Trainee: 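Below: one structure in C-alpha cells.
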Amino acid sequence: MRLTLSEIRQNATAFAAEWREVSSERAEAQSFWTEFFGVFGIRRRSVASFEEKVRNLKGTYDRIDVFYSGVMLGEHKSLDADLSKAASQAFDYVQSLTREGRIDEAPRYIVVSDFARIVLYDLESEDSSIPIASFPTAKLHENIRHFGFLSGYQVQPVDPEDPVNIRAVEILGELHDALERGGYSGHRLERFLVRVLFCLFADDTGIFELDSFKTLVKSTRSDGSDLGPLLARLFSVLDTEEIERSPMLPEELRELPYVNGELFHEELGFAEFNAEMRAALVKCCDFNWARISPAVFGSLFQSIMATEEGRRKRRQIGAHYTSERDILKLVRSLFLDNLKTELARCGSSERRLKAFHERLASLRFLDPACGCGNFLVVAYRELRLLELEVLRALYNGNHHQERLVLDTLLKVDVDQMYGIEIEEWPARIAEVAMWLIDHQMNERVGEVFGSPVLRLPLKKSAKIVIGNALRIDWNEVLPAAMCSYVMGNPPFVGGKFQTEAQRDDLGLVCKEIKNAGLLDYVSGWYLRASEYLHGTEIRAAFVSTNSITQGEQVGVLWPELFRRGIKIHFAHRTFSWMSEARGKAHVHVVIIGFGAFDRADKVIYDYSKANGEPIPVAATNIGPYLVAGPDLAVTNRSTPLCKVPEIRFGNQPIDGGHLILSKEERKALLKECPQAAPFVRPYLGSDEFINGIPRYCLWLQDASPKELRQMPAVMARLKAVKAFRLASKRPATRELAGTPARFAFVSHPERPYLFIPSVSSERRDIIPMAFMRRNTIASNLALLIPGATQYHFGVLTSAMHMAWTRQVCGRLKSDFRYSAKLVYNNFPWPQDPTPKQVADVEKAAQRVLDVRAQFKGNTLADLYDPETMPKPLRDAHKRLDRAVDRCYRSAPFNGERSRVEYLFALYQQLTTPLLPTQEGGRRKRRASPTGRL
C-alpha cells in the first residue's frame, strides 16, 4: 500500500537524523539510496537498480549509481565533491542510454548527492541545467513536495493566479448543473456540494488516504443508481466517531477519519443519482484538488450560480470577487506589516517570542461582509506563517525532539475568525475554506518539523453568521471588547441601483443623516463599523468603491463619521481592482483603514498607474479625499468661493424632443419654412460639443405670435410640445404647457460665454472647454460662464483645476461629472496673482486655442484623446500648466497628489472663519500658502 504523506514525512525526518553524520565509503552510498527510496515506500530492488553499466562516448563503460527506469537517475559523489560535475555526468548517462536504445522511456528527473546535500533536476523544465531544488540532506522532510514522482503525491505549488482554479470551478459547476437537472436544489444542493468539495480536497491532500473518495465513487454502478445512498452513508460515517462505528461497515468506510465540525451532521437525505450526475462527480474526482487555493476558490465557486437569476442576485447584492493580490494590500496595511515588525524586534529572545506567540493567538478578526471568506482565509494563512516563524526561532531546528508535542505548540486556530454573510451558500464555503487553509498550513508545519499535524476531528471552526450585517448587532457575532480587527469588502451598489430592501437597510443605518439617498450601499458598513468601534482600539479597513471619496457622497458620509470620532489611519488611493471571477472584472476602488482613535503613523498608498504597485507616503493627517489634509469635506455652495464669474446650468427644454433638430430635420424644416431660419440655432450638450455632432434647436424666445403663426411646421411642433407637457405627472411641467415656444429653463446670456461639458471621459487628462458665440445654445448637459476671460479659461483647463476636479466631482459611471455647486464654486483660485502672472496665463491659454485651431476637421474628442493628442497641443498645455502653477506658488508641484494637498490646504484657509489676533482682539484672515493675505 502506498504510504500516506504523514508516514513519508516521518520517514524523511528519521532519514535526515540518520544521515547528519556522513561517510564517503562506497558501501555507504548504496545504503544512502536504499534508505532514500525507503522514505517513499519503495523497496530497494523493486523498481530501482544500482551500478547500472552504460557505454560512454569513449567506448568504455561507466556505472550509473541509481537508475529508476522512466522516472529518475541518481549519481552519488564523495563528501564535498562538485555536484554540478555529477549532474553533467548524469546528463551524459541519459543520452547514452537513449542512444543505445536500452530504455523505452528516458528518466525525467536527475538526483545527485554527496551525502550532505541533495540536488534535483527536471529534464522537462524550461532550463534543465538549473536545479529545481537544492538542500541539505538534513532538510529532506521539508522538501518532500519536490519528490511527488516517487511518493505518488504530486504536490503542486498553490498559485492563486493558476488557471487551474478556473478549471476547478467549471468542473464543480458541471456537477452543480447535473444535480440541479436531477431535481436536487436549494439548501440541500448547496450543503451537498460543500461536503463533496471537502471530500475532494481531503482525497488529494492527505486528510483521507489517497484516492479513498475517488475509489468509493468509482465503485458504484455506471447508471448512478446506488451512488446517492452510498454518499449518504459516507457522510454519516464521517460524522461518527471511530469507536461508535459499526464493525459491520466495509473497511473502506470504517477507516475514514472522524471529521465532525458540524460539516456532515445535518441529515440531507440523498440525491437520486443518474448516469449524468455520476459522470460529473467522477470527473470531479479525477481532478487534482491539491492545487486549489482556498484563498480564492470560494469566490470563484460563487460563479457556479450561473443561471441568469443567480447572476442578477449577485449584482443586486453588490458582490465583487477579490484577487489575493488586492486582499494582501488590505491585510498588510491593516496588521500584517506591523506584526512582522514586532516579530523582527523579538530577535532571539525566548521570552519575547513566546509573548508574541500568545499575542498572535489572542487576535480576533471580524469580516462583516465575508462572502466566501477570502479575507479571513488570507488573514489566517498569514497568521499561521508568522506562527511558523516563531516556532522556527524558538526551537532552533531541533525538530525531531518536539515531534510528540507539536500539536500543543500550535496556538493559532480557525476559531479566531468571525464573519457575517447574508447568503447561506457562500457562508458554508467560507467555513470549509477555513478548514482547508488550516490543513494546508498544518502540512506546512509538518514539512518543517517532520511531524504530521492533522486536526481531526474538527473541534474548532470559524464562526460565520448568516444574516444582514446592516440589521444585526455585530456584538452578537463577536463582542467588540474581544475584537482586534474588522476588515472586508462590503457590497458596492450605487444609490440609483439599490433594491427597495437595500434602501431600507441604508435608511435604518443612516437614520437622520441628510441626503443619505446619495450614498453607496457600502457606506452602511462604515456607519455600522463606527458604532462597533466606538470606545475601542479596534482597527478596521474596507475595500470600497471610490465613489465614497468623490463628489457629493463625501459631504454626506464623512462629516458624520468624523463627528463619531472616526480617524483615517491609512488609505490606498484609487487603483484597478482585479477579480478572480470569470471575465476578470476591473473596478476602481480604494482601501480605507480607520479607527475610533487617532494615531501618528498614517500612510497614503499612491498609484502612478491604476494597475501598478502602491507607493507609500507618510502623512500627518488623511482627509476624506484620501490626500494629506484636514478632516474636511467639500459641500455644495451656491456662489463661488473666490471672486470669479458665476457659472450657470445650460438650457433645459422639457419638450419631448420637439424643439430639438438633427441636421436632416433642420434642412427639412427650413425647406418647408424658410422664414424659420432666424430662430434655428446651434444646440450643444456634452456629447455634441466633444464629438462634433451637429444639432440644432428652435429658439423662439423673441418670436412674435404673428411670426409663429406664419410657420405651420413650427406650430405643429409647438402643439406636440404642449401635449407632451400636459401629459406629465409633475404639476410644474404641466404649467409649462401654456408657453410651449419657450424652453422650460432658460439661462442663455445672449453674449459670448465659456462652455464646459457636464460629462467627460475619465480617460482625458483635461476636460475640453471652449468659448462660444452668442447664437449657440448650451443644453442642460453643459454649464456656461458668461464674462469668462482667457485667464479663467486657462486656469479651468490647467492641471491644477483638473487635480481638484478629479477629487471633488461626481461620476457618471466612471466619467467626470462636472458640477457648478461642488466643483466650480468651491475651487480655490490663485490668491492675488500679479498682473504679469495673469498675462502669462492668458498668453498660454491663447496658445492652446491657436494650436487647436490648426487641426481643422478634428473633434475635441480627437484632440484630447490621450492616445492621439497632438504633440503641439500637449506642449501648449504644459506651458499653460506652468503658468498657472506660478500663480499659486513659485516652487513646482511634484505630481497630482502634491497639487491636491496644496489645494485642500488653501481651501481650508479660505473657508476658515476669521481668527482673533493675540493683540487687542483685532481679527485677520489666515495667510494663504503664498504668504499673501
Side-chain angles (χ1 to χ4, degrees), residues 550-552 636 640 644-653 660 662 681-697 743 745-749 751-790 792-827 845 848-849 851-853 855 858-869 873-874 876-877 880:
Q550 300 168 344
E552 292 180 295
N636 288 334
V644 292
E646 290 195 1
I647 191 170
R648 302 179 183 178
F649 294 101
N651 304 270
Q652 187 173 17
I660 311 305
S662 66
R681 293 198 183 187
Y683 179 72
L684 298 179
S686 299
D687 191 30
E688 294 83 5
F689 170 72
I690 293 173
N691 293 294
I693 300 170
R695 209 170 179 209
Y696 305 88
C697 71
F743 271 45
F745 175 78
V746 177
S747 61
H748 187 66
R751 58 173 170 149
Y753 59 90
L754 183 62
F755 182 104
I756 303 176
S758 60
V759 179
S760 179
S761 170
E762 66 165 345
R763 292 184 62 247
R764 300 188 184 100
D765 296 327
I766 302 149
I767 295 178
M769 304 178 190
F771 289 102
M772 292 293 164
R773 296 175 181 174
R774 62 178 292 274
N775 70 315
T776 298
I777 307 300
S779 84
N780 56 299
L781 295 178
L783 300 118
L784 51 136
I785 307 177
T789 65
Q790 287 179 323
H792 300 120
F793 168 80
V795 173
L796 292 174
T797 55
S798 70
M800 286 297 283
H801 184 253
M802 280 305 302
W804 175 264
T805 301
R806 267 187 280 270
Q807 292 300 314
V808 176
C809 80
R811 301 286 173 131
L812 182 62
K813 293 184 290 187
S814 60
D815 293 340
F816 301 126
R817 186 158 194 167
Y818 196 90
S819 163
K821 293 183 178 180
L822 199 62
V823 180
Y824 181 84
N825 286 347
N826 283 298
F827 178 60
V848 168
L849 295 172
V851 172
R852 282 179 7 184
F855 292 89
N858 287 271
T859 66
L860 290 170
D862 298 329
L863 295 177
Y864 284 91
D865 187 311
E867 304 297 329
T868 61
M869 189 176 190
L873 182 57
R874 194 179 296 277
H877 271 286
L880 175 59

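Everything numeric here is computed off the predicted structure, so don't read it as measured data. Both backbone and side-chain heavy atoms feed into the values below; hydrogens, waters and symmetry mates do not.
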Trainee: Start with the C-alpha gap between D687 and R695, add the side-chain angles, then the distance that decides, and say whether side-chain contact (heavy atoms from CB on, under 4.5 Å) holds.
Mentor: CA-CA 10 Å; D687 191 30; R695 209 170 179 209; over 6 Å; no
Trainee: Check the angle between the aromatic planes of H877 and Y864 and answer parallel, tilted or perpendicular using the 30° and 60° thresholds.
Mentor: perpendicular
Trainee: Using only atom types and a distance under 3.5 Å, with no angle test, would you say the side chain of S760 pairs donor to acceptor with the backbone of F816?
Mentor: no
Trainee: Locate the shortest heavy-atom distance separating R681 from R774; write the atom from each residue and the value.
Mentor: NH1-O, 3.4 Å
Trainee: Distance check, rounded to the nearest 0.5 Å: R817 atom CZ versus T805 atom OG1?
Mentor: 15.0 Å
Trainee: Could you check whether the rings of F743 and Y683 sit parallel, tilted or perpendicular, using 30° and 60° as the cut-offs?
Mentor: perpendicular
Trainee: Once you round to the nearest 0.5 Å, how far does CH2 of W804 lie from CG of L822?
Mentor: 8.5 Å
Trainee: Evaluate the criterion side-chain contact (heavy atoms from CB on, under 4.5 Å) for residue pair V848 and T797; output intermediate values, then yes/no.
Mentor: CA-CA 10 Å; V848 168; T797 55; 5.7 Å; no
Trainee: Any sub-3.5 Å donor-acceptor pair from R648's side-chain atoms to S747's backbone N or O?
Mentor: yes
Trainee: So which atom in F771 and which in T789 form the shortest heavy-atom distance, rounded to 0.1 Å?
Mentor: CZ-O, 3.5 Å
Trainee: Between S758 and N780, is any pair of side-chain heavy atoms under 4.5 Å apart?
Mentor: no
Trainee: At their closest point, which heavy atom of V759 faces which heavy atom of I690, and how far apart are they?
Mentor: O-CD1, 3.8 Å
Trainee: Quick one: are M869 and D765 in side-chain contact, heavy atoms under 4.5 Å?
Mentor: no
Trainee: Please examine the side chains of M769 and I785, heavy atoms only from C-beta on, and report whether any two atoms are closer than 4.5 Å.
Mentor: no
Trainee: Do F827 and V795 come close enough that some side-chain heavy atom pair is under 4.5 Å?
Mentor: yes
Trainee: Quick check for you: to the nearest 0.5 Å, what is the distance between L873 atom CG and L863 atom CG?
Mentor: 6.0 Å
Trainee: Centres of the Y818 and H801 rings: under 6.0 Å?
Mentor: yes
Trainee: Using every non-hydrogen atom in the two residues, find where A778 and L784 come nearest and quote the distance to one decimal.
Mentor: CB-CD2, 3.8 Å
Trainee: Could you tell me whether the side chain of N858 reaches within less than 4.5 Å of the side chain of T868, counting heavy atoms only?
Mentor: no
Trainee: What distance do S779 atom OG and I777 atom CD1 have between them, rounded to the nearest 0.5 Å?
Mentor: 10.5 Å
Trainee: Any donor and acceptor pair, going by atom type alone, linking the side chain of N651 with main-chain N or O of H748 inside 3.5 Å?
Mentor: yes
Trainee: So, for F745 and F649, is the gap between ring centers shorter than 6.0 Å?
Mentor: no
Trainee: If only atom types and distance count, is the side chain of R764 paired as donor or acceptor with the main-chain N or O of A861 below 3.5 Å?
Mentor: no
Trainee: Taking all non-hydrogen atoms of both residues, which atom of F689 and which atom of P757 are closest, and how far apart?
Mentor: CE2-CD, 3.9 Å
Trainee: Verify, without hydrogens or angle tests, whether N826 (side chain) and N636 (backbone) share a donor-acceptor contact under 3.5 angstrom.
Mentor: no
Trainee: Within the structure provided, determine whether E646 and P640 are in side-chain contact (heavy-atom separation under 4.5 Å).
Mentor: yes
Trainee: Is a donor on one side and an acceptor on the other found under 3.5 Å between the side chain of S686 and the backbone of L781?
Mentor: yes
Trainee: Considering all heavy atoms of both residues, which atom of R852 and which atom of F793 are nearest to each other, and what is their separation?
Mentor: NH1-CZ, 4.1 Å
Trainee: Does E867 offer a backbone N or O that forms a donor-acceptor pair with the side chain of D865 under 3.5 Å?
Mentor: yes
